S.K.: 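Below: one structure in structure tokens.
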Amino acid sequence: MRVFNITIAGFGGVGRATAKLLLSRRERYRKVYGADVRLVAVCGSRSGLSDPGGLEAERLDTPAAGLSAPDFVAASGADILIEAGPSDFRTGRPGLAYIRSALAAALPTIDLVDYSLKGCELLEIEGILNATTNFLLDAMTTKGLGFDAALQEAQKGGFAEADPRNDTEGWDTACKLLILANFGLGADLTMDELAVEGLQSVTGDRIEAWRAEGVVPKLVGSLTCIDGKFRAAVGIRTYPLSDPLANVRGKDKAIRITTDAMGDTIAIGSGKEPLATAAAALKDLEYILSARVAVPVSISEPSS
Ligand code: HSE
């Protein structure tokens, strides 16, 4: 059976959840892909663990100080790196340093565009791509919570970034939009080409006005394609209650893709975090496994 050695860089909530989920799915990987998937190393910003034979779940709670940094990842013997840490969107660090040190780094996959809408001409994308800002706007407009109190809830929930300005000022949405545009749609946009508006301009008066008008505000990353040219922006858009995007509540996220032939396709994500993010990373891992093993075997047991 072919062995796949995995290293996870970034060992906060998402990294830990990914490690545990990966270990719990080893039997699935054996049956479906004929792959012996081993977690050979994990590391956070200051500590980590490695074992060429594979780490077990009970060892994950005791990382050793000093086992970290790109050199540690490079020495871990990984075939596949799962990068699960926070990154500064200006420099890409520390995630970029780990990815550069890896020979086999996976790019994010844009499944909906890649598979479900294949062949269609894409006209527009609107995405509620950031859980924190959706949660904040929802809490401020429907529960009457102030910005600071709502942000504390988001931090307690573990989905706000360590520096929440990455969320509240729209940068996380902008990063996700750029990934979608550049890797999913073949655009070549840079952050400088995006107008990025966050929640800074949301005041009590604006909230009252939206309420009076009967519309729901959302922080949206939008991408339009005009004559083959992409334009991207991040800002607040308002929607009538009849619009599905108005009903994406709390920390849920959503995307609406408008194409020439299939009209609107909407996906709404409401997974429990950090499990949902871990599962999304491992979904990408399964695409890599299926591309690398010659003949995937069936998940069903032979009926002898
Ligand atoms: N801070 C991010 C969010 C976490 O609120 O969506 C998930 O990318």
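Atoms within each ligand, like the ligands themselves, are counted from 1 in listed order. Computed from a prediction, not measured in an experiment: that's the story for all the values here.
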S.K.: Residues around ligand 1, heavy atom under 4.0 Å from any ligand atom, sorted by chain and number. Can you pull those?
M.R.: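 Only Asn130, Ala131, Thr132, Phe159, Glu161, Asp167, Asp172, Lys176, Lys253 have heavy atoms that fall under 4.0 Å of ligand 1, ordered by chain and number.
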S.K.: Considering residues at least two apart in sequence or located in another chain, which fulfil the side-chain hydrogen bond (donor to acceptor under 3.5 Å, both in side chains) criterion with Gln152?
M.R.: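 Once residues adjacent in sequence are excluded, Gln152 has no partner under the side-chain hydrogen bond (donor to acceptor under 3.5 Å, both in side chains) criterion.
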S.K.: Could you tell me which residues satisfy side-chain hydrogen bond (donor to acceptor under 3.5 Å, both in side chains) with Thr259, sequence neighbours excluded, listed by chain and number?
M.R.: none
S.K.: Is any NZ, NE, NH1 or NH2 atom of the basic residue among Arg26 and Glu56 found under 4.0 Å from an Asp or Glu carboxylate oxygen of the other?
M.R.: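 Salt bridge: yes.
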S.K.: What residue among Arg292, Glu286, Arg2 forms side chain to side chain donor-acceptor pair (under 3.5 Å) with Tyr33?
M.R.: Glu286
S.K.: Please tabulate, for side-chain N and O atoms in residues 213-226, each donor-acceptor pair with protein atoms closer than 3.5 Å (sequence neighbours left out).
M.R.:
| from | atom 1 | to | atom 2 | distance (Å) |
| --- | --- | --- | --- | --- |
| Lys218 | NZ | Asn134 | OD1 | 3.1 |
| Lys218 | NZ | Val248 | O | 2.7 |
| Ser222 | OG | Arg237 | NH2 | 3.3 |

S.K.: Is the backbone of Leu123 close enough, under 3.5 Å, to the side chain of Thr258 for a donor and an acceptor to pair up by distance?
M.R.: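 Not a single qualifying donor-acceptor pair exists.
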